[in-house]
Structure formats: C-alpha cells, structure tokens
Number of protein chains: 2
Amino acid sequence: MGRVRYLEIAEALRAAILSGDYPVGAQLPSESDLAARWSASRGTVRQAVATLASEGLIGSRQGARRIVLRQERRHSFGELNSFAQWAEGVGHEVHSRFLSRTRRPATAEEAERLALAPGTEILAVLRLRLLDGEPTMVERTAYADWVAAAVEAMEPDCRSVMDGLAAGSAIVAHYGEHLIDALAAGSEDARLLGIRRGSPLLRQRHVSATNTGRPIEWSDDRYLAGSVTFSVSNSAVATPLERHAGDR
Amino acid sequence: MGRVRYLEIAEALRAAILSGDYPVGAQLPSESDLAARWSASRGTVRQAVATLASEGLIGSRQGARRIVLRQERRHSFGELNSFAQWAEGVGHEVHSRFLSRTRRPATAEEAERLALAPGTEILAVLRLRLLDGEPTMVERTAYADWVAAAVEAMEPDCRSVMDGLAAGSAIVAHYGEHLIDALAAGSEDARLLGIRRGSPLLRQRHVSATNTGRPIEWSDDRYLAGSVTFSVSNSAVATPLERHAGDR
DNA sequence: CAGTGGTCTAGACCACCAC
DNA sequence: TGGTGGTCTAGACCACTGA
C-alpha cells in the first residue's frame with residue numbers, strides 16, 4: 001500500500017473522478033469530511049486535493065466546495081519526455097530507426113542548452129520514429145558528452161534511449177523544458193516522413209535534466225501534422241504553460 | 001503590501017532569481033533559514049517555494065537544498081488565455097479586426113465544449129489579429145449563449161473580448177484547457193494571413209471557463225508558423241502538459 | 001449565519017544527502 | 001552524522017459562499 005497518506009487519498013479521489021462517481025461539475029466532499037473519513041489531518045487532505053488541482057482535474061474557490069473540471073487521465077512526466085513511453089501508454093506500437101550517430105563539437109545553441117563549454121564534443125543522433133508502423137516523427141538529439149558513451153553502446157533500434165540510460169547507467173530524467181511550435185518540413189524531413197517539402201510539422205524541442213539539474217539531452221522532434229496534439233490545463237492561480245514570440 | 005505572507009516570500013525569492021542573485025544551478029537558502037529570516041513558520045516557507053516550483057523556476061530533492069532551474073519570467077493565466085494580454089505583456093502592439101459576427105446553432109463539438117444543449121444558439125466570431133501591424137493569427141470563437149449579448153455589444157475592433165467581459169459584465173475566466181497542434185492553412189486562413197494555402201500553422205484550441213467551471217468560449221486560433229512558441233516545464237513530481245494521439 | 005476553503009503556526013518524525 | 005527536504009498533526013483565525 002502507498003505509505004504516503006496524501007497520495008493514497010489523492011489516488012482514491014482521482015479514481016472516483018475518472019470512474020464517474022463525481023462527474024464534471026460535481027462537488028467534492030469538504031475537507032473536514034475527507035479528513036474524518038480518512039482519519040487524517042486537514043493539512044494532509046489539502047495536500048491530496050492540491051495534487052488533483054495541479055493535474056487540472058478539480059478547481060476550487062474560497063467558500064465553496066471543490067468542483068470537478070475534467071474527467072480525463074493526465075499523463076506522467078515520462079510520457080511527455082519519452083516518445084516510447086507515451087506511445088505505449090496510449091496503446092500504440094513504436095519502432096525506431098537510428099539513421100546516424102556521430103560525435104561532433106556542439107553548436108552554440110547545443111552548448112547553451114546542455115550547459116556545456118562551447119565546442120564540447122556531443123553525440124548527435126538522427127532517428128526516425130514509427131507509430132504502428134507508420135513514419136510519424138523525426139528526432140534530432142544532442143546528448144551531453146558525459147552520457148554519449150552509454151548511448152553509443154545501445155542497440156541500433158532500441159525502443160527508448162532514456163529507458164536504456166535509466167536501466168544501464170542509473171541516469172534518470174527529473175526535469176524537462178519544452179518548446180512547441182510549427183514549421184515547414186525541410187527536404188530531409190520530407191524524405192523521411194514521406195511527405196512533400198513545406199508540409200506542416202509540429203515541433204517539440206526539449207531538454208531533459210537529472211535531479212541535480214544537469215542537462216542530459218537537447219532534442220528537436222518533428223511530428224507529422226495531425227499525428228499528435230499537446231494539451232494543457234491552467235487556472236488563475238497556477239499557470240504552467242506560456243507563449244513566446246518567435247522571430248519576426 | 002501583499003498581505004499574504006507566502007506570496008510575499010515567493011515574490012522576493014522570484015525577484016532574487018530573476019535578477020541573478022541566485023543564478024541557474026545555485027542553491028537556495030534552507031527552509032529553516034528562510035523561516036527565520038522572514039519570521040514565518042516552515043509551512044509558510046514551503047508554500048512559497050512550492051509556488052516557484054510550480055512555475056518551473058526551482059527544483060528540489062529530499063536531503064539537498066533547492067536549486068535554481070531557470071531564470072525566466074513565467075506568464076500569467078491571462079497571458080495564455082488572451083492574445084491581447086499576452087501581446088502587451090511581451091511589449092507588442094496588437095490590433096483586431098472583426099470579420100464576422102453571427103448567431104447560429106452550435107455544432108456538436110461546440111455544444112460539447114461549451115456544456116450546452118445540442119443546437120443551442122451561440123455567437124460565432126471570426127477575427128484577424130495583428131501583431132505590430134502584421135497579420136499573425138486567425139481566431140474563430142464560439143461564445144456561449146449567455147455571454148453572446150455582451151460580446152455583440154462590443155466595439156467592432158475592440159482589443160480584448162475577455163477584458164471587455166470582465167469590465168462590463170464581471171465575467172472572468174478562471175480555468176482554461178488548451179489543445180496545441182499543427183495544420184496546413186486552408187484557403188480562408190491563407191487569404192487572411194497573406195500566405196499560400198497549405199502553409200504550416202500552429203493551432204491553439206482552447207476553452208475558457210468561469211470560477212464555477214461554466215464554459216465561456218471555445219476558440220480555434222491559428223498562428224503563422226514562426227510567430228509564436230509555446231513553452232512548458234515539467235518535473236517528475238508534477239506534469240502539467242500531455243500529448244495526445246491524433247486521428248490516424 | 002453556518003459551512004467552506006485559504007492562510008498560518010509550532011511542533012514532530014522520517015528518508016535522504018553530503019561531508 | 002548533521003543538515004535538509006518530505007510528510008503529518010492539531011490546532012487557530014480569516015474571507016468568502018450560499019441559503
């Protein structure tokens with residue numbers, strides 16, 4: 001059993017919401033109610049409902065009961081950071097093809113994103129990702145020098161590099177930063193994905209870091225338009241997503 | 001002064017991080033340190049640092065001091081939900097052109113998103129948005145029946161509908177849900193934005209709701225590729241963004 | 001006006017980290 | 001081993017909601 005009380009309570013409430021016991025718009029029990037029912041303190045209950053609020057499942061306003069906002073599962077950290085973890089989580093089959101793996105000095109941006117000295121040698125990887133057999137995403141990743149050897153040692157068609165790093169080297173991603181925009185397919189993108197040059201692509205650039213904040217990889221992932229959608233909930237008290245101006 | 005202690009503390013820490021007093025990678029003072037310095041309880045300090053953690057500014061691990069992850073301002077709720085608020089926040093001039101405003105029965109999806117009975121009459125608005133004078137975004141919004149009259153009463157080139165609703169009718173958005181993907185410009189998109197049909201667009205569909213969870217509007221915003229980027233940070237303990245599979 | 005969530009306190013014990 | 005963050009308790013007062 002989960003030895004952490006507030007996670008137990010959060011999980012039970014989450015399950016009740018997802019199963020429809022509390023439909024969208026319904027009120028949750030009051031804090032004191034929940035505290036009594038779980039024989040926990042009010043603080044612990046508040047930690048539980050705060051967890052659900054951060055997932056966008058419930059909303060709250062002073063003076064009124066909490067209400068259910070959505071009735072959908074929220075993805076985990078790994079499912080946003082790893083293509084393979086996400087695909088399997090939503091029940092798709094994923095394949096990978098390493099097209100090239102070369103060591104070269106980092107570009108200025110790569111050095112910046114990976115917190116490396118300019119010109120440090122990184123491992124540049126080009127991969128084509130297939131979802132249920134169809135080409136879906138082109139991934140260009142720069143791995144920091146200190147993980148390069150571990151990545152090079154992996155199978156040429158391994159399912160998930162991040163999973164491999166975690167299993168083989170105990171290198172685990174804890175933090176991620178993601179930049180999402182759209183762009184036209186270049187000639188290489190077009191050839192690999194089997195589309196015309198200039199076709200719309202959804203791009204997700206992201207850096208993953210360890211629990212000490214040390215960057216592991218900086219990646220540029222380009223999805224076929226229509227193949228994926230990103231989703232985010234926000235509220236007046238906490239906003240996780242932002243919007244940046246591009247170059248004009 | 002902000003009468004809420006933990007927000008005061010959070011604001012001071014945030015300012016210190018943004019100003020570079022605590023550069024990326026630096027350690028923050030310990031909780032007991034901060035508690036003593038602010039003569040607050042540890043709980044209050046934890047609430048403050050939790051706020052910064054939810055903004056992606058700092059990270060924490062049991063046993064070690066908190067560390068600074070980023071050194072960037074995080075946008076507010078309004079700046080993600082309102083084009084005008086965002087544009088002004090980043091120092092751009094924004095103009096709007098109402099191209100059409102018509103009442104018509106809601107489509108199935110609109111009724112679903114706005115939590116209305118199928119066929120309820122909504123207000124459909126087509127707007128072209130300009131950033132610093134250049135066409136940047138095409139916005140197609142469906143306003144719920146109960147706000148339609150207030151929206152119709154607005155100036156034909158008003159800066160921000162949501163600001164107008166807040167000022168005129170005390171209708172304020174508290175919750176938002178956003179779906180982000182890419183698609184090819186249709187003929188209307190292309191004509192309005194001055195680009196070729198099939199050019200890549202970044203699409204942000206979103207629904208805004210009041211603090212009682214009542215949906216106000218459901219909007220389909222299409223940005224010129226390269227004009228905006230969305231950004232999100234996540235961590236192993238809290239993930240605000242998710243990725244969905246599209247139709248295949 | 002009673003009920004509810006938002007804030008705050010002053011303790012406590014534990015798991016984990018770095019030295 | 002001492003310091004740190006993670007969890008939990010049992011109170012308290014206040015601001016707001018809703019009948």
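All values below come from the heavy atoms of this structure, side chains included, with hydrogens, waters and symmetry mates left out. Chain A is the first sequence line, chain B the second, and so forth, proteins listed ahead of strands; every chain is numbered from 1.
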[X] [atom1] to [N] [atom2], straight-line distance once rounded to whole Å:
{"X": "B/Glu31", "N": "C/dC16", "atom1": "CD", "atom2": "C1'", "value": "14 Å"}
{"X": "B/Ile9", "N": "C/dT7", "atom1": "CD1", "atom2": "P", "value": "13 Å"}
{"X": "B/Gln27", "N": "C/dC17", "atom1": "CD", "atom2": "P", "value": "14 Å"}
{"X": "A/Tyr6", "N": "C/dC14", "atom1": "OH", "atom2": "C1'", "value": "14 Å"}
{"X": "A/Glu8", "N": "D/dT7", "atom1": "CD", "atom2": "C1'", "value": "13 Å"}
{"X": "B/Arg46", "N": "D/dT4", "atom1": "CZ", "atom2": "C1'", "value": "10 Å"}
{"X": "A/Arg5", "N": "C/dA15", "atom1": "CZ", "atom2": "P", "value": "17 Å"}
{"X": "A/Trp38", "N": "D/dT9", "atom1": "CH2", "atom2": "P", "value": "13 Å"}

What one should report as the nearest heavy-atom pair of B/Cys158 and B/Ser96 is O-CB, 3.6 Å
Counting Watson-Crick and G-U wobble pairs with both distances under 3.5 Å, what is the dot-bracket string for DNA chain C, 5' to 3', using [ ] for crossing pairs and | for pairs to another strand?
||||||||||||||||||.
Kindly write out the residues that satisfy side chain to side chain contact (heavy atoms under 4.5 Å, CB included) with B/Thr212, not counting sequence neighbours, or none if the list is empty.
A/Arg61, B/Thr210, B/Arg214
Do [Y] and [X] meet the salt-bridge criterion of a basic N to acidic O distance under 4.0 Å?
{"X": "A/Arg129", "Y": "A/Glu139", "value": "yes"}
{"X": "B/Arg70", "Y": "B/Glu55", "value": "no"}
{"X": "A/Glu152", "Y": "A/Arg101", "value": "no"}
{"X": "B/Glu110", "Y": "B/Arg140", "value": "no"}
{"X": "B/Arg104", "Y": "B/Glu121", "value": "no"}
{"X": "A/Glu177", "Y": "A/Arg113", "value": "no"}
{"X": "B/Arg205", "Y": "B/Asp221", "value": "no"}

Side-chain N,O (B/Ser60) to OP1/OP2 (D/dT4) below 4.0 Å
no
Please determine if a side-chain N or O atom of A/Arg66 lies less than 4.0 Å away from the OP1 or OP2 oxygen of C/dG6.
yes
For nucleotides 10-16 of chain D, just jot down a letter per nucleotide in 5' to 3' order: B, S or -, based on protein non-hydrogen atoms under 4.0 Å.
--B--BB
Using the side-chain heavy atoms of B/Arg65, tell me which of these nucleotides is nearest: C/dC8, D/dT4, C/dT4.
D/dT4
Could you check whether A/Arg61 gets within reach of a base, just the sugar-phosphate, or nothing at all, counting any heavy atom under 4.0 Å?
sugar-phosphate
Most 5' of B/Asn211 and A/Ser39 on DNA chain D, judged by nearest nucleotide
A/Ser39
Position toward the 5' end of DNA chain D (nearest nucleotide), A/Thr44 or B/Pro29
B/Pro29
